[in-house]
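First the structure, in the form of structure tokens, and then the observations on it.
Below, chains carry the letters A, B, ... as their sequence lines are ordered, and counting in each starts from 1.
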Protein chains: 2
Amino acid sequence: MADNRVTGQEGRRLVSTAIRRALSAGDLVPGQRLVEQELSESLHATRNCVREALQDLAAEGLVELVPRRGARVRVVSVEEAIQITECRAALEGLCARRAAQHASAEQREGLREIGARMREAVADGDLNTYSALNRELHALIAEMSGQKVAGGLLDRLKGQMVRYQFRLALRPGRPAKSLPQHLAIIEAIVTGDGHAAEAAARAHLDSVIEELRATPVTEPTRSATHAVRA
Amino acid sequence: MADNRVTGQEGRRLVSTAIRRALSAGDLVPGQRLVEQELSESLHATRNCVREALQDLAAEGLVELVPRRGARVRVVSVEEAIQITECRAALEGLCARRAAQHASAEQREGLREIGARMREAVADGDLNTYSALNRELHALIAEMSGQKVAGGLLDRLKGQMVRYQFRLALRPGRPAKSLPQHLAIIEAIVTGDGHAAEAAARAHLDSVIEELRATPVTEPTRSATHAVRA
DNA sequence: GTCGGAACTATTGTCAACAATTTCGTCGAT
DNA sequence: ATCGACGAAATTGTTGACAATAGTTCCGAC
């Protein structure tokens with residue numbers, strides 16, 4: 001099984017997840033070219049696989065596909081990141097409201113637990129755990145709301161934000177600011193106050209927007225030709 | 001140029017728009033199979049074109065792509081249509097608010113004009129015109145808001161609703177109910193009252209949800225194999 | 001008559017070679 | 001030195017044939 005090239009629709013999925021991973025790991029930077037042959041060699045897949053995987057990623061808004069000129073990692077400007085977050089505010093507000101309205105007792109208990117663990121993580125200064133809990137919280141709220149459509153849209157939007165989310169989480173003082181916001185969302189949902197839950201979710205993401213506004217402009221990063229690890 | 005088959009990325013676009021059109025015209029019903037060869041013949045395109053177009057449509061949520069089993073027109077349940085409309089409410093609320101906040105004087109004037117024409121169309125009982133103005137209004141608000149991301153998501157969501165939108169517009173008494181709602185949205189945006197604009201947009205779509213709830217269940221429509229006109 | 005299975009058909013998936021296009025470097029003229 | 005034209009290399013796009021799979025029909029045994 002040394003150089004058995006991956007193929008078919010399975011390979012297509014493998015290739016796209018490999019690129020996705022490389023993207024969120026920072027191995028691929030925005031603007032970077034994605035050459036089909038290079039990828040097919042480094043990932044041991046057929047060019048066809050790679051091609052189709054790139055189409056999928058383009059449909060998700062992760063790469064930009066210019067005809068006859070190949071694929072690039074899509075550059076998400078700060079302005080666009082702000083707009084994405086505004087959409088997230090609207091959609092997560094919806095999810096929070098619905099979650100508050102009809103969540104089971106166990107689900108509410110689960111929320112409370114995540115809140116407690118978040119408090120702990122921040123107290124311990126454990127950024128990684130806090131970041132993971134953050135994702136877990138937002139995902140749980142989306143699931144609790146029963147809003148599958150909104151959940152799908154949110155996944156999409158978050159996928160396009162990987163770079164910024166990474167950057168924001170590392171900001172000094174960020175956890176101290178976001179923790180109470182998260183706790184407020186949890187409190188409102190547990191209490192069953194839909195209106196408050198929506199307001200809290202919106203307030204949280206408005207704060208993220210504030211943070212984004214203070215983001216230094218990113219240089220267009222034209223070069224950086226490097227491979228994706230298999 | 002009788003049977004010069006369309007090809008390439010241009011053909012891909014042509015095929016996908018042809019299918020889109022057939023879909024919203026009702027020539028293709030939910031659940032219907034889309035066989036690559038049939039389509040390539042009726043649309044004078046290569047199978048490759050059709051294949052790629054189908055991928056695009058699947059990415060937009062218009063068709064369902066089952067591996068080794070081909071493409072079908074995706075069936076959108078009433079429940080899902082409701083969820084889609086809830087997302088629309090959240091996103092159009094955002095757009096209305098932003099439009100109210102920073103729209104130019106000419107844009108506000110344009111809104112007012114659409115409102116007047118809507119009134120006329122309803123008074124004349126001209127359903128087609130009213131329906132067209134409806135789409136125009138929503139599109140204009142999205143554009144005025146400057147929210148490109150939200151606009152893109154909304155286009156996507158509306159695309160999945162074609163069948164229901166068609167059905168709802170024909171409902172007796174529907175225009176009489178929706179006209180004042182549309183006028184309220186316009187009024188709030190023209191006035192510059194973001195909060196009211198958001199509330200009005202939401203109220204409008206909540207009313208659409210009410211209407212959807214009163215929709216009879218659609219039969220799964222399994223058969224109906226018919227061609228797409230070129 | 002019904003069930004199971006075997007051939008057959010219809011349909012999608014894959015590939016490798018070829019075509020077309022862009023990009024980059026080189027060379028010559030001004 | 002700068003600019004433009006030309007050509008070579010790199011890269012994407014396209015095609016048609018073939019492989020693999022799902023669906024269907026038909027036949028025979030019980």
Produce the list of close N/O pairs, under 3.5 Å, pairing protein atoms with atoms of nucleotides 21-25 of chain D; give distances to one decimal.
| residue | atom | partner | partner atom | Å |
| --- | --- | --- | --- | --- |
| dG23(D) | OP1 | Arg69(B) | NE | 3.3 |

Among the nucleotides dT11(C), dT14(C), dG13(D), whichever has the atom closest to the side chain of Arg47(A) is dG13(D)
Is the side chain of Arg108(A) donor-acceptor paired with the backbone N or O of Ala100(A) at a distance under 3.5 Å, no angle test? yes
Here the distance between atom P of dT11(C) and atom CG of Leu65(B), to the nearest Å, is 16 Å
Taken to the nearest whole Å, CD/Gln55(A) to P/dT14(C) is 14 Å
Axis-to-axis angle for the helix from dG1(C)-dC30(D) to dT30(C)-dA1(D), ends of five pairs each, to 10°, equals 10°
Original post:
Is the backbone N or O of Gly61(A) less than 3.5 Å from a side-chain atom of Arg74(A), with the two atoms forming a donor-acceptor pair by type?
Top reply: yes
Rounded to whole Å, CG of Asn48(A) lies from C1' of dA17(D) at a distance of 14 Å
| task | Using atom types as modelled and distance alone, determine if a side-chain donor or acceptor of Tyr164(A) lies under 3.5 Å from a backbone N or O of Val78(A). | result | yes
To the nearest angstrom, the CG-P distance between Leu34(B) and dT11(C) comes to 12 Å
Item to check | Side-chain touch Asn128(B)/Asp126(B), heavy atoms, less than 4.5 angstrom | outcome: yes
Rounded to whole Å, CD of Glu10(A) lies from C1' of dG13(C) at a distance of 14 Å
Residue set satisfying side-chain contact (heavy atoms from CB on, under 4.5 Å) with Glu60(B), at least two apart, ordered chain then number -> Arg20(B), Leu62(B)
Whole-Å distance, Leu54(A) CG to dT12(D) C1', equals 11 Å
Whether the side chain of Ser131(A) engages the backbone of Leu127(A) through a donor-acceptor N/O pair (distance < 3.5 Å, no angle test) should be reported. no
note: Arg51(B), atom CZ; dC15(C), atom P; distance rounded to Å ~ 12 Å
Side chain of Gln32(B), backbone of Val73(B): donor and acceptor closer than 3.5 Å? no
Review point. So, is Gln9(B) close to the dT14(D) phosphate, meaning a side-chain N or O under 4.0 Å from OP1 or OP2?
Key: yes
Separation of dT11(D) atom P from Glu36(A) atom CD, nearest Å, is 11 Å
Evaluate Arg72(A) against Glu64(A) for salt bridge (charged side-chain N to carboxylate O under 4.0 Å, His left out), listing each step before the verdict. CA-CA 5 Å; Arg72(A) 295 182 169 282; Glu64(A) 192 185 10; 5.9 Å; no
Between Arg202(B) and Glu198(A) (salt bridge meaning N to carboxylate O under 4.0 Å), is one present in this structure? yes
